[in-house]
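Predicted, not measured: the structure shown is a model, and the values here were computed from it.
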Amino acid sequence: MRPATATAAAVTTLLGVGAAAIAAGRYASDVALRAPSGRPLPGDPRLTVHATGPERITLTRSLASLRPGTYGIEGPGLHAVVGPLLDRVPHTADTVVRRLERVEQGVLGPGSRVRLTPQLHIGTPISALGLAHEDVEMPGELGPLPAWLVAAPRTTWVIALHGLGTTREHPLNVVPFYNRRKIPVLLPAYRGDEGAPASPDGLAHLGDSEWRDVDAAIRYAVHRGAAKVVLHGWGTGASMALRAAAESGVRDRISGLVLDSPVLDWEATLRNLAAARHVPAPLLPLAVRAAQGRTGPHGDLLDAASAPDALRVPALLFHGPDDTLAPWEPSVELAARRPDLVNLQVVRNAPHAAMWNADPVRYEEALRRFLTPLL
């Protein structure tokens with residue numbers, strides 16, 4: 001082969017490899033960043049229902065089905081709630097029996113394929129909890145944002161921020177706790193959610209742009225009479241709360257933060273999301289680079305959040321070592337850097353954004369102690 005021809009062939013090959021790498025990286029980043037609102041995050045396996053009985057359900061034995069606490073279980077057209085393990089009920093070695101709290105949708109029977117989820121409720125505050133609410137619309141950067149407002153007498157409001165892969169139905173878990181304490185709760189949808197404007201590029205930014213919709217929610221709460229707000233966020237919702245506390249033009253109205261499984265390491269969470277959706281390991285670095293190229297650079301949220309001029313209000317942080325999507329080590333580091341403001345509650349045997357589910361009583365007691373001086 002002549003030198004010029006060989007060079008041309010080599011360039012063509014490199015271009016082909018480069019194009020393939022770009023395409024692969026784009027595909028891998030799509031897997032992580034185009035997850036529609038309400039699509040369950042990857043991680044837990046699907047389980048088979050082996051039997052049901054009065055207030056009990058028999059499931060495939062796995063690390064997921066053995067977790068302590070209270071969880072939703074969902075499948076096609078199906079949603080139910082399961083409680084603690086019933087160890088004394090007879091069962092085979094490859095199954096577990098849990099208390100069946102209720103079936104909210106569909107028919108649950110042997111052979112049903114289900115997945116555990118942190119979300120206990122489906123519907124609205126009135127249909128799911130029997131709590132009256134107002135459907136409101138907040139002016140947002142990209143257009144109107146729908147929200148539920150569960151009114152109550154206090155002038156300190158809670159703004160509940162769901163995370164990636166969930167909807168505002170997930171924070172309904174804690175609305176009864178706040179309502180018993182006469183605390184108004186605003187549950188907003190944000191860009192990318194059903195009924196809300198789409199992100200301009202169609203991608204989730206893991207809180208890096210979505211936090212501006214939190215700013216809109218704070219402004220709306222203040223307009224409706226809130227003297228102060230507490231931001232309670234899960235996953236990327238917790239990251240959005242941190243960004244709003246540092247950058248919002250009305251951050252002086254924020255009196256506290258409740259952070260459940262915050263995403264503090266953007267790259268690690270992106271890799272974990274892609275890997276959990278079965279992106280091959282060699283493509284994971286490409287996924288990160290492709291995502292950065294499409295969404296812009298992402299700063300170090302841990303450094304930003306721990307800066308003295310960024311975090312200026314007390315924060316109650318729930319996280320644990322069993323979160324496979326948002327590493328908990330940055331949460332430990334944040335608490336170590338800011339012991340004056342951050343109270344870390346370590347929760348074991350709980351997946352991402354399910355710290356309440358693992359032990360609702362302990363979670364709500366920590367929440368009560370945290371909130372008392374802020375009201």
Within the structure provided, determine whether Arg243 and Arg212 are in side-chain contact (heavy-atom separation under 4.5 Å). no
For Asp213, what residues pass the salt bridge (Lys or Arg N to Asp or Glu O under 4.0 Å) criterion, not counting sequence neighbours? Arg191
Rounded at 0.5 Å granularity, tell me how far CG in Leu264 sits from CD in Glu329. 11.0 Å
Evaluate the side chain to side chain contact (heavy atoms under 4.5 Å, CB included) criterion for residues Thr95 and Leu59: first the C-alpha distance (whole Å), next the side-chain angles of each, then the deciding distance (0.1 Å), finally the verdict. CA-CA 5 Å; Thr95 63; Leu59 297 166; over 6 Å; no
Enumerate the residue pairs fulfilling side-chain hydrogen bond (donor to acceptor under 3.5 Å, both in side chains) with a member in residues 147-160, sequence neighbours excluded, ordered by first and then second residue. Asp135-Trp148
Output the distance between atom NZ (Lys228) and atom CD1 (Ile254), rounded to the nearest 0.5 Å. 9.5 Å
Let's go through Asn343 and Phe370 carefully: what are the C-alpha distance in whole Å and the side-chain angles of both, what is the deciding distance for side chain to side chain contact (heavy atoms under 4.5 Å, CB included) to 0.1 Å, and is it a yes or a no? CA-CA 9 Å; Asn343 173 7; Phe370 175 73; 5.7 Å; no
A side-chain contact here means heavy atoms from C-beta on lying under 4.5 Å apart; do Val214 and Ser248 qualify? no
In terms of hydrophobic clustering (I, L, V, M, F, W, Y; side-chain heavy atoms under 4.5 Å; direct or indirect links), are Leu344 and Leu311 co-clustered? yes
I need the Asp323 CG to Ser331 OG distance, nearest 0.5 Å. 8.5 Å
Short question: side chain of Asp193, backbone of Ala196 - any donor-acceptor pair under 3.5 Å? no
Do any N or O atoms from the side chain of Arg98 and from the backbone of Val82 form a donor-acceptor pair under 3.5 angstrom? no
Verify, without hydrogens or angle tests, whether Ser65 (side chain) and Thr60 (backbone) share a donor-acceptor contact under 3.5 angstrom. yes
Check: Leu78 and Val107 side chains under 4.5 Å, non-hydrogen atoms: no
Between Asn349 and Tyr71, which heavy-atom pair has the shortest distance, and what is it? O-OH, 4.1 Å
Using side chain to side chain contact (heavy atoms under 4.5 Å, CB included), reason through Val49 and Thr58 one step at a time and then give a plain yes or no. CA-CA 6 Å; Val49 177; Thr58 305; over 6 Å; no
Kindly give the heavy-atom pair with the smallest separation between Pro188 and Leu161, and that separation in Å. CG-CD2, 3.9 Å
Per the ring pair (Phe, Tyr, Trp, His ring centres under 6.0 Å) rule, what does the pair list look like for residues 321-348, sequence neighbours excluded? none
Pairwise side-chain contact, Asn272 with Thr324, heavy-atom cut-off 4.5 Å (strictly under): no
To the nearest 0.5 Å, atom CZ of Arg338 lies from atom CG of Asp340 at 4.5 Å
For Ser261 and Ala326, which heavy atoms make the closest approach, and how far apart are they? O-CB, 4.1 Å
Using a 6.0 Å cut-off, check whether atom CZ of Arg348 has over 12 heavy atoms from anything other than its own residue. no
Quick one: pull up CG in Leu316 and CG in Leu341 and give me the separation to the nearest 0.5 Å. 12.5 Å
For residues 233-265, the ring pair (Phe, Tyr, Trp, His ring centres under 6.0 Å) pairs (sequence neighbours left out) are His170-Trp234, His232-Trp234
Which heavy atom of Thr48 sits nearest to which heavy atom of His50, and what is that distance? O-CD2, 3.2 Å
Hey, does the side chain of Asn173 reach the backbone of Leu120 with a donor-acceptor pair shorter than 3.5 angstrom? yes
Can we say Glu364 and Arg368 salt-bridge, meaning some charged N sits less than 4.0 Å from an Asp/Glu carboxylate O? no
For Asp265, does its backbone N or O pair with a side-chain atom of Thr269 as donor and acceptor, under 3.5 Å? yes
Please report the closest heavy-atom contact between Ser239 and Pro262, naming both atoms and the distance. OG-C, 4.1 Å
Out of curiosity, does Val174 fall in the hydrophobic cluster containing Leu131 (side-chain heavy atoms, cut-off under 4.5 Å, transitive links)? yes
Taking side chain to side chain contact (heavy atoms under 4.5 Å, CB included) as the criterion, tell me which of Glu194, Arg168, Glu137 meets it with Pro146. Arg168
What I'd like to find out is whether the side chain of Glu101 reaches to under 4.5 Å of the side chain of Pro84, using heavy atoms alone. yes
Would you please name every residue forming a salt bridge (Lys or Arg N to Asp or Glu O under 4.0 Å) with Asp87, sequence neighbours left out? none
Scanning both residues in full, the closest heavy-atom pair of Pro314 with Ser255 reads CD-O, 3.6 Å
Any side-chain heavy-atom pair from His319 and Val347 closer than 4.5 angstrom? no
Validation row: Arg56, Leu86 side chains within 4.5 angstrom (heavy atoms): yes
Backbone N/O of Pro118 and side chain of Asn357: donor-acceptor pair under 3.5 Å: yes
Can you list everything that forms a salt bridge (Lys or Arg N to Asp or Glu O under 4.0 Å) with Glu169? Sequence neighbours excluded, please. none
Crowded around Arg369 CZ? As in, over 12 foreign heavy atoms under 6.0 Å? no
Please lay out, stage by stage, how Asp260 and Tyr363 fare under the test side chain to side chain donor-acceptor pair (under 3.5 Å). CA-CA 10 Å; Asp260 188 314; Tyr363 189 106; 3.0 Å; yes
Is it the case that more than 12 heavy atoms not belonging to Glu55 sit under 6.0 Å from its CD atom? no
Please report the C-alpha distance between Tyr220 and Arg224 in whole Å, then the side-chain angles of each, then the deciding distance to 0.1 Å, and finally whether the side chain to side chain donor-acceptor pair (under 3.5 Å) criterion is met. CA-CA 6 Å; Tyr220 178 84; Arg224 289 291 302 266; 2.6 Å; yes
More than 12 non-hydrogen atoms from neighbouring residues, nucleotides or ligands closer than 6.0 Å to CG on Leu63, yes or no? no
Using the rule that two of Ile, Leu, Val, Met, Phe, Trp, Tyr join whenever any of their side-chain heavy atoms come within less than 4.5 Å, decide whether Leu186 and Leu375 are in one cluster. no
If hydrophobic clusters are built by linking Ile, Leu, Val, Met, Phe, Trp and Tyr wherever their side-chain heavy atoms come under 4.5 Å apart, do Trp211 and Val250 end up in the same one? yes
Ile126-Val185 co-clustered via ILVMFWY side chain contacts under 4.5 Å: no
Looking at CG of Leu371 and CZ of Arg181, how far apart are the two atoms once the value is rounded to the nearest 0.5 Å? 8.5 Å
Does the side chain of Leu172 reach to within under 4.5 Å of the side chain of Ile122, using non-hydrogen atoms? no
